[in-house]
Participant: 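Please see the structure below; I have some questions.
Numbers restart at 1 for each chain; the letters A, B, ... are given by sequence-line order, proteins then strands.
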Amino acid sequence: MPKGDMAGDMAGDMAGDMGGDLAPKIDLQGVGKRFVTREREVEALQPIDLAIQDHEFVALVGPSGCGKSTILNMIAGLLPPSAGVVSYDGAAIGGLNRAVGYMTQKDTLLPWRTAADNVRIALELKCRAMPWDEANERVAQMLTLVGLTGFEKHYPAELSGGMRKRVALARTLIYEPETLLMDEPFGALDAQLKLLMLDQLQDLTRQRRMTVVFVTHDLGEAITLADRVVVFSARPGRIRAIRPVALPRPRDVFRIRFTEDFAHLHESLWDELKDEVTRGTEV
Amino acid sequence: MAAALSTPLGRTLARVALALIILAAWQYLPSANVRFWMSGPIEIVARLLVWLRDGSLWENVGATLFAMALGYAIGTATGIAIGLLLGLMPRLNRVLSPYIAALYAMPKIALAPLFVIVFGIGLESKVALVAITVFFLVLNATLDGVHNVDRDLTRALALMGATRLEVIRKVLIPATLPWIFTGMRIAVRYAFTNTLLAELIASNSGIGFMIEYYSGVFDATGTYAAILVLVIMSVGLTELLTLIETRLAHRGANR
(Lines give C-alpha, C1' and ligand atoms only; values in the text may rest on other atoms or scores of the structure.)
Protein backbone atom coordinates (compact mmCIF):
# COMPACT_ATOMS: atom_id res chain seq x y z
CA MET A 1 0.00 0.00 0.00
CA PRO A 2 1.60 3.32 -1.03
CA LYS A 3 1.60 5.13 2.27
CA GLY A 4 4.51 7.47 1.66
CA ASP A 5 2.72 9.87 -0.63
CA MET A 6 -0.28 10.20 1.60
CA ALA A 7 1.43 12.22 4.30
CA GLY A 8 -0.72 14.42 6.45
CA ASP A 9 -0.24 17.67 4.56
CA MET A 10 -1.97 16.27 1.53
CA ALA A 11 -4.69 14.44 3.33
CA GLY A 12 -6.87 17.50 3.50
CA ASP A 13 -6.72 18.03 -0.25
CA MET A 14 -7.23 14.42 -1.09
CA ALA A 15 -9.84 13.61 1.47
CA GLY A 16 -12.85 14.35 -0.68
CA ASP A 17 -12.26 11.96 -3.52
CA MET A 18 -9.60 9.64 -2.21
CA GLY A 19 -10.09 5.94 -2.12
CA GLY A 20 -10.85 5.30 -5.75
CA ASP A 21 -7.96 2.89 -6.06
CA LEU A 22 -7.36 2.17 -2.38
CA ALA A 23 -9.31 -0.28 -0.30
CA PRO A 24 -10.86 1.68 2.57
CA LYS A 25 -9.67 1.06 6.12
CA ILE A 26 -13.21 1.04 7.46
CA ASP A 27 -16.12 0.33 5.16
CA LEU A 28 -19.79 0.57 6.07
CA GLN A 29 -22.04 -0.85 3.37
CA GLY A 30 -25.77 -0.51 3.82
CA VAL A 31 -25.25 -0.49 7.57
CA GLY A 32 -28.35 0.14 9.67
CA LYS A 33 -29.25 -0.46 13.28
CA ARG A 34 -32.54 -1.08 15.04
CA PHE A 35 -32.98 -1.44 18.76
CA VAL A 36 -35.88 -3.27 20.33
CA THR A 37 -36.94 -1.78 23.62
CA ARG A 38 -40.03 -3.00 25.47
CA GLU A 39 -41.91 -4.25 22.41
CA ARG A 40 -41.09 -1.06 20.55
CA GLU A 41 -38.61 -1.05 17.75
CA VAL A 42 -36.51 2.07 17.35
CA GLU A 43 -34.56 2.67 14.20
CA ALA A 44 -31.37 4.34 15.36
CA LEU A 45 -29.62 4.34 12.02
CA GLN A 46 -31.05 4.01 8.53
CA PRO A 47 -28.86 2.01 6.17
CA ILE A 48 -25.83 4.14 5.27
CA ASP A 49 -22.71 3.76 3.15
CA LEU A 50 -19.50 5.29 4.41
CA ALA A 51 -15.89 4.47 3.53
CA ILE A 52 -13.05 5.73 5.69
CA GLN A 53 -9.53 5.62 4.27
CA ASP A 54 -6.31 4.65 5.96
CA HIS A 55 -4.85 7.60 7.95
CA GLU A 56 -7.99 9.63 7.40
CA PHE A 57 -9.53 11.80 10.12
CA VAL A 58 -13.32 11.73 9.82
CA ALA A 59 -15.62 13.70 12.08
CA LEU A 60 -19.25 12.66 12.57
CA VAL A 61 -21.59 15.45 13.62
CA GLY A 62 -25.32 15.48 14.16
CA PRO A 63 -28.04 15.91 16.76
CA SER A 64 -28.23 13.69 19.82
CA GLY A 65 -29.55 10.21 19.18
CA CYS A 66 -28.72 10.17 15.49
CA GLY A 67 -26.70 6.97 15.77
CA LYS A 68 -23.17 8.40 15.78
CA SER A 69 -22.14 6.44 18.86
CA THR A 70 -23.85 3.38 17.40
CA ILE A 71 -21.56 3.61 14.40
CA LEU A 72 -18.49 3.68 16.65
CA ASN A 73 -19.82 0.71 18.62
CA MET A 74 -20.26 -1.23 15.38
CA ILE A 75 -16.75 -0.38 14.15
CA ALA A 76 -15.39 -1.54 17.53
CA GLY A 77 -17.32 -4.77 17.12
CA LEU A 78 -19.31 -4.18 20.30
CA LEU A 79 -22.63 -4.12 18.42
CA PRO A 80 -23.59 -6.12 15.35
CA PRO A 81 -25.37 -4.13 12.64
CA SER A 82 -29.03 -5.01 11.99
CA ALA A 83 -28.45 -4.59 8.27
CA GLY A 84 -25.42 -4.39 6.00
CA VAL A 85 -21.76 -5.13 6.64
CA VAL A 86 -19.08 -3.24 8.54
CA SER A 87 -15.62 -4.21 7.32
CA TYR A 88 -12.21 -3.36 8.64
CA ASP A 89 -9.15 -3.86 6.44
CA GLY A 90 -11.41 -5.56 3.95
CA ALA A 91 -12.80 -8.18 6.34
CA ALA A 92 -16.25 -8.11 7.90
CA ILE A 93 -16.11 -7.41 11.63
CA GLY A 94 -17.40 -10.22 13.84
CA GLY A 95 -16.60 -9.93 17.52
CA LEU A 96 -14.34 -7.36 19.12
CA ASN A 97 -12.17 -5.30 16.81
CA ARG A 98 -8.90 -5.11 18.73
CA ALA A 99 -7.23 -2.95 16.09
CA VAL A 100 -9.09 0.09 17.35
CA GLY A 101 -8.61 2.22 20.42
CA TYR A 102 -12.01 3.35 21.62
CA MET A 103 -12.52 6.35 23.84
CA THR A 104 -16.16 6.10 24.84
CA GLN A 105 -18.35 8.97 25.96
CA LYS A 106 -18.39 7.58 29.48
CA ASP A 107 -14.84 7.24 30.74
CA THR A 108 -14.16 3.63 31.63
CA LEU A 109 -11.35 4.28 34.09
CA LEU A 110 -10.83 1.68 36.79
CA PRO A 111 -11.82 3.38 40.06
CA TRP A 112 -9.30 1.43 42.15
CA ARG A 113 -6.33 2.49 40.04
CA THR A 114 -4.59 5.84 40.18
CA ALA A 115 -4.42 8.05 37.10
CA ALA A 116 -0.94 6.76 36.25
CA ASP A 117 -1.94 3.12 36.80
CA ASN A 118 -4.99 3.60 34.60
CA VAL A 119 -2.90 5.05 31.80
CA ARG A 120 -0.40 2.20 32.08
CA ILE A 121 -2.91 -0.63 31.94
CA ALA A 122 -2.67 -1.29 28.20
CA LEU A 123 1.12 -1.63 28.51
CA GLU A 124 0.70 -4.25 31.25
CA LEU A 125 -1.13 -6.63 28.92
CA LYS A 126 0.69 -9.62 27.55
CA CYS A 127 0.07 -8.55 23.96
CA ARG A 128 2.32 -5.51 24.39
CA ALA A 129 4.15 -6.16 27.65
CA MET A 130 7.23 -4.01 28.14
CA PRO A 131 9.78 -3.42 30.90
CA TRP A 132 8.29 -1.67 33.91
CA ASP A 133 10.66 1.32 33.64
CA GLU A 134 9.90 1.90 30.01
CA ALA A 135 6.16 1.70 30.62
CA ASN A 136 6.38 4.17 33.51
CA GLU A 137 8.42 6.56 31.40
CA ARG A 138 5.78 6.50 28.68
CA VAL A 139 3.03 6.98 31.23
CA ALA A 140 4.77 10.07 32.59
CA GLN A 141 5.21 11.44 29.04
CA MET A 142 1.57 10.80 28.24
CA LEU A 143 0.33 12.47 31.42
CA THR A 144 2.46 15.51 30.66
CA LEU A 145 1.00 15.59 27.18
CA VAL A 146 -2.55 15.78 28.50
CA GLY A 147 -1.53 18.27 31.18
CA LEU A 148 -1.96 16.05 34.22
CA THR A 149 1.52 16.16 35.71
CA GLY A 150 1.13 16.15 39.49
CA PHE A 151 -2.05 14.09 39.39
CA GLU A 152 -0.37 10.71 38.80
CA LYS A 153 -1.35 9.36 42.20
CA HIS A 154 -4.93 10.63 42.19
CA TYR A 155 -7.81 8.19 41.91
CA PRO A 156 -10.52 8.86 39.31
CA ALA A 157 -12.98 9.85 42.05
CA GLU A 158 -10.61 12.65 43.03
CA LEU A 159 -10.43 14.10 39.50
CA SER A 160 -12.83 16.43 37.73
CA GLY A 161 -14.84 15.24 34.72
CA GLY A 162 -12.46 16.98 32.34
CA MET A 163 -9.42 15.46 34.02
CA ARG A 164 -10.91 11.98 33.82
CA LYS A 165 -11.50 12.51 30.10
CA ARG A 166 -7.86 13.40 29.69
CA VAL A 167 -6.75 10.34 31.63
CA ALA A 168 -8.96 8.25 29.34
CA LEU A 169 -7.42 9.96 26.31
CA ALA A 170 -3.90 9.26 27.57
CA ARG A 171 -4.84 5.65 28.28
CA THR A 172 -6.11 5.21 24.71
CA LEU A 173 -3.25 7.03 22.98
CA ILE A 174 -0.43 5.40 24.93
CA TYR A 175 -0.64 2.10 23.10
CA GLU A 176 -0.88 3.76 19.72
CA PRO A 177 -3.77 1.86 18.18
CA GLU A 178 -3.78 2.18 14.41
CA THR A 179 -7.37 3.39 14.48
CA LEU A 180 -8.86 5.72 17.05
CA LEU A 181 -12.59 5.92 17.77
CA MET A 182 -13.53 8.90 19.89
CA ASP A 183 -16.98 9.73 21.20
CA GLU A 184 -17.18 13.38 22.26
CA PRO A 185 -13.83 13.18 23.99
CA PHE A 186 -13.63 16.86 24.88
CA GLY A 187 -17.21 17.60 25.85
CA ALA A 188 -16.39 18.22 29.49
CA LEU A 189 -13.41 20.52 28.92
CA ASP A 190 -13.37 24.30 29.10
CA ALA A 191 -12.74 26.16 25.86
CA GLN A 192 -9.03 26.90 26.35
CA LEU A 193 -8.16 23.43 27.51
CA LYS A 194 -10.15 21.98 24.65
CA LEU A 195 -8.00 23.87 22.12
CA LEU A 196 -4.82 22.60 23.78
CA MET A 197 -6.17 19.05 23.60
CA LEU A 198 -7.18 19.45 19.95
CA ASP A 199 -3.65 20.61 19.19
CA GLN A 200 -2.11 17.61 20.94
CA LEU A 201 -4.52 15.25 19.26
CA GLN A 202 -3.72 16.65 15.83
CA ASP A 203 0.02 16.26 16.43
CA LEU A 204 -0.25 12.75 17.79
CA THR A 205 -2.60 11.34 15.21
CA ARG A 206 -0.55 12.83 12.37
CA GLN A 207 2.76 11.71 13.82
CA ARG A 208 1.49 8.18 14.28
CA ARG A 209 -0.56 8.25 11.09
CA MET A 210 -3.67 7.05 12.81
CA THR A 211 -7.07 6.61 11.25
CA VAL A 212 -9.56 8.54 13.37
CA VAL A 213 -13.34 8.49 13.61
CA PHE A 214 -14.36 11.36 15.83
CA VAL A 215 -17.91 11.97 17.07
CA THR A 216 -18.72 15.47 18.25
CA HIS A 217 -21.50 18.02 18.72
CA ASP A 218 -19.09 20.83 18.04
CA LEU A 219 -18.83 21.82 14.39
CA GLY A 220 -15.77 23.98 15.04
CA GLU A 221 -13.96 21.03 16.61
CA ALA A 222 -14.89 18.85 13.63
CA ILE A 223 -13.64 21.34 11.02
CA THR A 224 -10.44 22.06 12.96
CA LEU A 225 -9.40 18.42 13.06
CA ALA A 226 -11.03 16.48 10.28
CA ASP A 227 -10.24 15.66 6.67
CA ARG A 228 -13.94 15.06 6.13
CA VAL A 229 -17.01 16.04 8.11
CA VAL A 230 -20.07 13.81 7.91
CA VAL A 231 -23.34 15.46 8.93
CA PHE A 232 -26.08 13.16 10.18
CA SER A 233 -29.80 13.78 10.26
CA ALA A 234 -31.92 13.51 13.38
CA ARG A 235 -33.20 10.03 14.33
CA PRO A 236 -33.45 7.83 12.48
CA GLY A 237 -29.91 8.77 11.51
CA ARG A 238 -28.81 8.92 7.93
CA ILE A 239 -26.04 10.83 6.18
CA ARG A 240 -27.19 14.29 5.23
CA ALA A 241 -23.94 15.65 3.82
CA ILE A 242 -20.25 14.81 3.56
CA ARG A 243 -17.86 17.74 3.21
CA PRO A 244 -14.10 17.56 2.70
CA VAL A 245 -12.16 20.05 4.80
CA ALA A 246 -9.61 21.49 2.40
CA LEU A 247 -7.67 23.43 5.02
CA PRO A 248 -3.89 22.90 4.81
CA ARG A 249 -2.08 20.96 7.51
CA PRO A 250 -0.67 21.29 10.04
CA ARG A 251 -3.50 23.48 11.22
CA ASP A 252 -3.14 26.11 13.86
CA VAL A 253 -6.02 25.06 16.08
CA PHE A 254 -5.85 28.34 18.02
CA ARG A 255 -6.27 30.62 15.01
CA ILE A 256 -7.89 28.57 12.29
CA ARG A 257 -11.32 29.53 13.59
CA PHE A 258 -10.69 33.10 12.48
CA THR A 259 -9.87 32.29 8.84
CA GLU A 260 -12.31 32.89 6.04
CA ASP A 261 -12.22 29.34 4.72
CA PHE A 262 -13.13 28.07 8.15
CA ALA A 263 -16.03 30.51 8.41
CA HIS A 264 -17.41 29.51 5.00
CA LEU A 265 -17.22 25.84 5.78
CA HIS A 266 -18.73 26.38 9.20
CA GLU A 267 -21.63 28.27 7.70
CA SER A 268 -22.36 25.74 5.00
CA LEU A 269 -22.17 22.84 7.45
CA TRP A 270 -24.32 24.70 9.94
CA ASP A 271 -26.96 25.13 7.22
CA GLU A 272 -27.07 21.37 6.90
CA LEU A 273 -27.06 20.77 10.59
CA LYS A 274 -29.45 23.38 11.95
CA ASP A 275 -32.67 21.84 10.54
CA GLU A 276 -31.66 18.52 12.00
CA VAL A 277 -30.89 19.99 15.37
CA THR A 278 -34.28 21.69 15.56
CA ARG A 279 -35.97 18.52 14.33
CA GLY A 280 -34.00 16.55 16.86
CA THR A 281 -35.21 18.66 19.74
CA GLU A 282 -38.84 18.40 18.65
CA VAL A 283 -38.84 14.63 18.82
CA MET B 1 -28.83 15.59 88.41
CA ALA B 2 -29.55 15.87 84.69
CA ALA B 3 -26.65 18.28 84.30
CA ALA B 4 -24.24 15.84 86.00
CA LEU B 5 -25.20 13.11 83.49
CA SER B 6 -24.23 15.24 80.50
CA THR B 7 -20.50 15.19 81.32
CA PRO B 8 -18.39 12.10 80.50
CA LEU B 9 -17.36 11.72 84.13
CA GLY B 10 -20.95 12.01 85.31
CA ARG B 11 -22.04 9.35 82.83
CA THR B 12 -19.31 6.97 83.93
CA LEU B 13 -20.17 7.44 87.60
CA ALA B 14 -23.86 6.85 86.82
CA ARG B 15 -23.02 3.64 84.96
CA VAL B 16 -20.87 2.32 87.79
CA ALA B 17 -23.52 3.21 90.33
CA LEU B 18 -26.19 1.44 88.31
CA ALA B 19 -24.02 -1.67 88.03
CA LEU B 20 -23.33 -1.66 91.77
CA ILE B 21 -27.02 -1.31 92.61
CA ILE B 22 -28.00 -4.19 90.32
CA LEU B 23 -25.16 -6.41 91.55
CA ALA B 24 -25.94 -5.64 95.18
CA ALA B 25 -29.64 -6.33 94.63
CA TRP B 26 -28.78 -9.56 92.81
CA GLN B 27 -26.41 -10.59 95.60
CA TYR B 28 -28.48 -9.71 98.67
CA LEU B 29 -32.19 -9.61 97.81
CA PRO B 30 -33.01 -13.18 96.71
CA SER B 31 -34.09 -15.68 99.32
CA ALA B 32 -32.20 -18.97 99.61
CA ASN B 33 -34.84 -20.63 97.45
CA VAL B 34 -34.53 -18.21 94.58
CA ARG B 35 -30.74 -18.22 94.93
CA PHE B 36 -30.68 -21.75 93.51
CA TRP B 37 -31.99 -20.44 90.18
CA MET B 38 -30.29 -17.09 90.17
CA SER B 39 -26.90 -17.65 91.78
CA GLY B 40 -25.09 -14.41 92.73
CA PRO B 41 -22.31 -12.19 91.44
CA ILE B 42 -19.76 -13.27 94.03
CA GLU B 43 -20.36 -16.96 93.34
CA ILE B 44 -20.12 -16.37 89.60
CA VAL B 45 -16.79 -14.54 89.87
CA ALA B 46 -15.49 -17.24 92.19
CA ARG B 47 -16.46 -19.86 89.62
CA LEU B 48 -14.67 -17.95 86.87
CA LEU B 49 -11.52 -17.90 89.01
CA VAL B 50 -11.78 -21.64 89.46
CA TRP B 51 -12.05 -22.13 85.70
CA LEU B 52 -9.13 -19.82 85.13
CA ARG B 53 -7.02 -21.83 87.54
CA ASP B 54 -7.92 -25.29 86.23
CA GLY B 55 -7.57 -24.17 82.62
CA SER B 56 -11.08 -25.16 81.54
CA LEU B 57 -11.91 -21.55 80.63
CA TRP B 58 -9.20 -21.18 78.00
CA GLU B 59 -9.75 -24.67 76.76
CA ASN B 60 -13.42 -23.99 76.00
CA VAL B 61 -12.95 -20.44 74.72
CA GLY B 62 -10.22 -21.84 72.47
CA ALA B 63 -12.46 -24.66 71.25
CA THR B 64 -15.22 -22.21 70.28
CA LEU B 65 -12.86 -19.79 68.55
CA PHE B 66 -10.99 -22.57 66.75
CA ALA B 67 -14.20 -24.15 65.38
CA MET B 68 -15.46 -20.73 64.34
CA ALA B 69 -12.21 -19.73 62.64
CA LEU B 70 -11.81 -23.03 60.83
CA GLY B 71 -15.41 -23.04 59.58
CA TYR B 72 -15.12 -19.40 58.59
CA ALA B 73 -11.92 -19.99 56.65
CA ILE B 74 -13.34 -23.00 54.78
CA GLY B 75 -16.64 -21.23 54.06
CA THR B 76 -14.96 -18.06 52.86
CA ALA B 77 -12.42 -19.76 50.62
CA THR B 78 -14.97 -22.03 48.93
CA GLY B 79 -17.56 -19.24 48.75
CA ILE B 80 -15.19 -16.91 46.92
CA ALA B 81 -13.83 -19.60 44.60
CA ILE B 82 -17.21 -21.00 43.60
CA GLY B 83 -18.73 -17.51 43.45
CA LEU B 84 -16.10 -16.34 40.96
CA LEU B 85 -16.39 -19.57 39.00
CA LEU B 86 -20.19 -19.35 38.68
CA GLY B 87 -19.91 -15.66 37.96
CA LEU B 88 -17.73 -16.51 34.98
CA MET B 89 -20.06 -19.28 33.81
CA PRO B 90 -23.42 -17.54 33.56
CA ARG B 91 -25.14 -20.48 31.91
CA LEU B 92 -24.20 -22.90 34.67
CA ASN B 93 -25.12 -20.23 37.19
CA ARG B 94 -28.59 -19.86 35.69
CA VAL B 95 -29.12 -23.61 35.94
CA LEU B 96 -28.01 -23.73 39.57
CA SER B 97 -29.48 -20.47 40.82
CA PRO B 98 -32.84 -21.81 42.12
CA TYR B 99 -31.01 -24.44 44.17
CA ILE B 100 -28.58 -21.90 45.52
CA ALA B 101 -31.43 -19.54 46.38
CA ALA B 102 -33.29 -22.31 48.20
CA LEU B 103 -30.25 -23.38 50.21
CA TYR B 104 -29.38 -19.76 50.93
CA ALA B 105 -32.86 -19.05 52.26
CA MET B 106 -32.94 -22.12 54.48
CA PRO B 107 -31.89 -21.54 58.11
CA LYS B 108 -28.68 -23.56 58.22
CA ILE B 109 -29.15 -24.36 61.90
CA ALA B 110 -31.69 -26.98 60.82
CA LEU B 111 -28.75 -28.93 59.40
CA ALA B 112 -27.00 -29.16 62.77
CA PRO B 113 -28.63 -32.47 63.84
CA LEU B 114 -27.80 -33.90 60.42
CA PHE B 115 -24.15 -32.92 60.79
CA VAL B 116 -24.08 -34.58 64.20
CA ILE B 117 -25.23 -37.82 62.57
CA VAL B 118 -22.70 -37.52 59.76
CA PHE B 119 -19.68 -36.10 61.60
CA GLY B 120 -20.38 -37.11 65.18
CA ILE B 121 -20.26 -34.89 68.25
CA GLY B 122 -17.14 -32.78 68.12
CA LEU B 123 -15.16 -30.29 66.12
CA GLU B 124 -16.19 -31.58 62.69
CA SER B 125 -19.93 -31.04 63.05
CA LYS B 126 -19.41 -27.52 64.40
CA VAL B 127 -17.03 -26.63 61.59
CA ALA B 128 -19.43 -28.06 59.02
CA LEU B 129 -22.32 -25.92 60.24
CA VAL B 130 -20.24 -22.73 60.35
CA ALA B 131 -18.62 -23.44 56.98
CA ILE B 132 -21.90 -24.00 55.17
CA THR B 133 -23.44 -20.85 56.69
CA VAL B 134 -20.44 -18.71 55.76
CA PHE B 135 -20.18 -20.38 52.35
CA PHE B 136 -23.64 -19.28 51.21
CA LEU B 137 -23.23 -15.74 52.53
CA VAL B 138 -19.88 -15.25 50.81
CA LEU B 139 -21.03 -17.08 47.66
CA ASN B 140 -23.99 -14.73 47.27
CA ALA B 141 -21.92 -11.63 47.98
CA THR B 142 -19.35 -12.74 45.39
CA LEU B 143 -22.02 -13.49 42.78
CA ASP B 144 -23.64 -10.09 43.42
CA GLY B 145 -20.23 -8.52 43.01
CA VAL B 146 -19.49 -10.27 39.72
CA HIS B 147 -22.92 -9.33 38.36
CA ASN B 148 -22.39 -5.71 39.29
CA VAL B 149 -19.06 -5.35 37.52
CA ASP B 150 -19.45 -2.58 34.98
CA ARG B 151 -19.49 -4.36 31.58
CA ASP B 152 -18.07 -1.22 30.00
CA LEU B 153 -14.90 -1.70 32.04
CA THR B 154 -14.43 -5.31 30.97
CA ARG B 155 -15.19 -4.44 27.35
CA ALA B 156 -12.74 -1.54 27.41
CA LEU B 157 -9.98 -3.86 28.55
CA ALA B 158 -10.91 -6.56 26.04
CA LEU B 159 -10.75 -3.96 23.25
CA MET B 160 -7.20 -3.11 24.35
CA GLY B 161 -6.31 -6.71 23.63
CA ALA B 162 -6.57 -8.19 27.12
CA THR B 163 -7.00 -11.95 27.29
CA ARG B 164 -9.90 -13.42 29.23
CA LEU B 165 -7.59 -14.16 32.13
CA GLU B 166 -6.26 -10.58 32.13
CA VAL B 167 -9.80 -9.20 32.19
CA ILE B 168 -10.55 -11.43 35.18
CA ARG B 169 -7.37 -10.45 37.00
CA LYS B 170 -7.36 -6.75 36.27
CA VAL B 171 -11.06 -5.90 36.29
CA LEU B 172 -13.33 -8.64 37.56
CA ILE B 173 -11.55 -9.56 40.78
CA PRO B 174 -10.64 -6.03 41.94
CA ALA B 175 -14.18 -4.84 41.16
CA THR B 176 -15.67 -7.75 43.12
CA LEU B 177 -13.42 -7.40 46.19
CA PRO B 178 -15.52 -4.79 48.03
CA TRP B 179 -18.57 -7.07 47.68
CA ILE B 180 -16.60 -10.05 48.93
CA PHE B 181 -15.37 -8.05 51.94
CA THR B 182 -18.91 -7.00 52.78
CA GLY B 183 -20.03 -10.63 52.67
CA MET B 184 -17.07 -11.71 54.82
CA ARG B 185 -17.82 -9.01 57.38
CA ILE B 186 -21.45 -10.03 57.73
CA ALA B 187 -20.43 -13.69 57.87
CA VAL B 188 -18.28 -13.18 60.99
CA ARG B 189 -21.34 -12.63 63.18
CA TYR B 190 -23.18 -15.56 61.63
CA ALA B 191 -20.13 -17.75 62.16
CA PHE B 192 -20.02 -16.83 65.84
CA THR B 193 -23.76 -17.38 66.42
CA ASN B 194 -23.78 -20.69 64.59
CA THR B 195 -20.69 -22.02 66.36
CA LEU B 196 -22.52 -21.35 69.58
CA LEU B 197 -25.76 -22.92 68.36
CA ALA B 198 -23.91 -26.02 67.22
CA GLU B 199 -22.34 -26.28 70.65
CA LEU B 200 -25.67 -25.83 72.39
CA ILE B 201 -27.28 -28.57 70.30
CA ALA B 202 -24.64 -31.24 70.63
CA SER B 203 -20.96 -30.97 71.43
CA ASN B 204 -18.29 -31.81 73.97
CA SER B 205 -16.38 -28.53 74.24
CA GLY B 206 -16.75 -24.79 73.80
CA ILE B 207 -18.59 -22.00 75.56
CA GLY B 208 -21.92 -23.15 74.14
CA PHE B 209 -21.21 -26.61 75.51
CA MET B 210 -20.47 -25.12 78.95
CA ILE B 211 -23.76 -23.23 79.02
CA GLU B 212 -25.63 -26.30 77.93
CA TYR B 213 -23.79 -28.59 80.33
CA TYR B 214 -24.16 -26.46 83.49
CA SER B 215 -27.80 -25.69 82.87
CA GLY B 216 -28.32 -29.40 82.28
CA VAL B 217 -27.01 -30.21 85.77
CA PHE B 218 -29.00 -27.30 87.30
CA ASP B 219 -25.81 -25.42 88.15
CA ALA B 220 -26.96 -21.79 87.83
CA THR B 221 -23.58 -20.38 88.88
CA GLY B 222 -21.79 -22.30 86.12
CA THR B 223 -24.40 -21.31 83.54
CA TYR B 224 -24.20 -17.60 84.38
CA ALA B 225 -20.40 -17.69 84.46
CA ALA B 226 -20.33 -19.24 80.98
CA ILE B 227 -22.82 -16.66 79.69
CA LEU B 228 -20.64 -13.91 81.15
CA VAL B 229 -17.68 -15.30 79.19
CA LEU B 230 -19.84 -15.31 76.07
CA VAL B 231 -20.81 -11.67 76.60
CA ILE B 232 -17.15 -10.72 76.90
CA MET B 233 -16.30 -12.66 73.73
CA SER B 234 -19.15 -10.99 71.80
CA VAL B 235 -18.08 -7.53 72.87
CA GLY B 236 -14.49 -8.34 71.94
CA LEU B 237 -15.54 -9.61 68.52
CA THR B 238 -17.73 -6.58 67.85
CA GLU B 239 -14.95 -4.21 68.88
CA LEU B 240 -12.48 -6.05 66.65
CA LEU B 241 -14.85 -5.84 63.66
CA THR B 242 -15.49 -2.14 64.26
CA LEU B 243 -11.75 -1.55 64.40
CA ILE B 244 -11.18 -3.36 61.10
CA GLU B 245 -14.11 -1.57 59.46
CA THR B 246 -12.88 1.86 60.49
CA ARG B 247 -9.42 0.99 59.20
CA LEU B 248 -10.86 -0.12 55.85
CA ALA B 249 -13.25 2.84 55.60
CA HIS B 250 -10.31 5.10 56.29
CA ARG B 251 -8.29 3.55 53.50
CA GLY B 252 -11.29 3.75 51.20
CA ALA B 253 -11.70 7.46 51.94
CA ASN B 254 -8.02 8.07 51.25
CA ARG B 255 -8.18 6.96 47.66
Participant: Do L157(B) and I121(A) come within less than 4.5 Å of each other through their side chains, counting heavy atoms only?
Facilitator: yes

Participant: Kindly give the heavy-atom pair with the smallest separation between E166(B) and K126(A), and that separation in Å.
Facilitator: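 So the minimum-distance heavy-atom pair works out to OE2-N, 2.6 Å.
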
Participant: What pair of heavy atoms forms the shortest contact from Y102(A) to L159(B), and how long is it?
Facilitator: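 Looking at all heavy atoms of both residues, the shortest contact is CB-CD1, 3.7 Å.
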
Participant: Please look at K153(A) and chain B and tell me whether the side chain, the backbone, both or neither of the residue comes under 4.5 angstrom of a heavy atom of that chain.
Facilitator: neither

Participant: For the candidates L110(A), L109(A), L125(A), which exhibits the highest count of non-hydrogen atom pairs separated by less than 4.5 Å from chain B?
Facilitator: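 Top count of heavy-atom pairs under 4.5 Å with chain B: L125(A).
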
Participant: Test M160(B) against R98(A) for side chain to side chain contact (heavy atoms under 4.5 Å, CB included), laying out the working first.
Facilitator: CA-CA 6 Å; M160(B) 286 178 195; R98(A) 293 194 163 85; over 6 Å; no

Participant: Can you confirm whether Y190(B) is buried at OH, in the sense that more than 12 heavy atoms of other residues, nucleotides or ligands lie under 6.0 Å from that atom?
Facilitator: no

Participant: Check this for me: does any side-chain nitrogen of one of K170(B) and D117(A) sit under 4.0 Å from a carboxylate oxygen of the other?
Facilitator: no

Participant: Does some side-chain heavy atom of C127(A) sit less than 4.5 Å from a side-chain heavy atom of T163(B)?
Facilitator: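 Sidechains of C127(A) and T163(B): no contact.
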
Participant: With a cut-off of 6.0 Å (strictly less than), are more than 12 heavy atoms of other residues, nucleotides or ligands near CZ of R151(B)?
Facilitator: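 Counting other residues, nucleotides and ligands, CZ of R151(B) exceeds 12 neighbours.
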
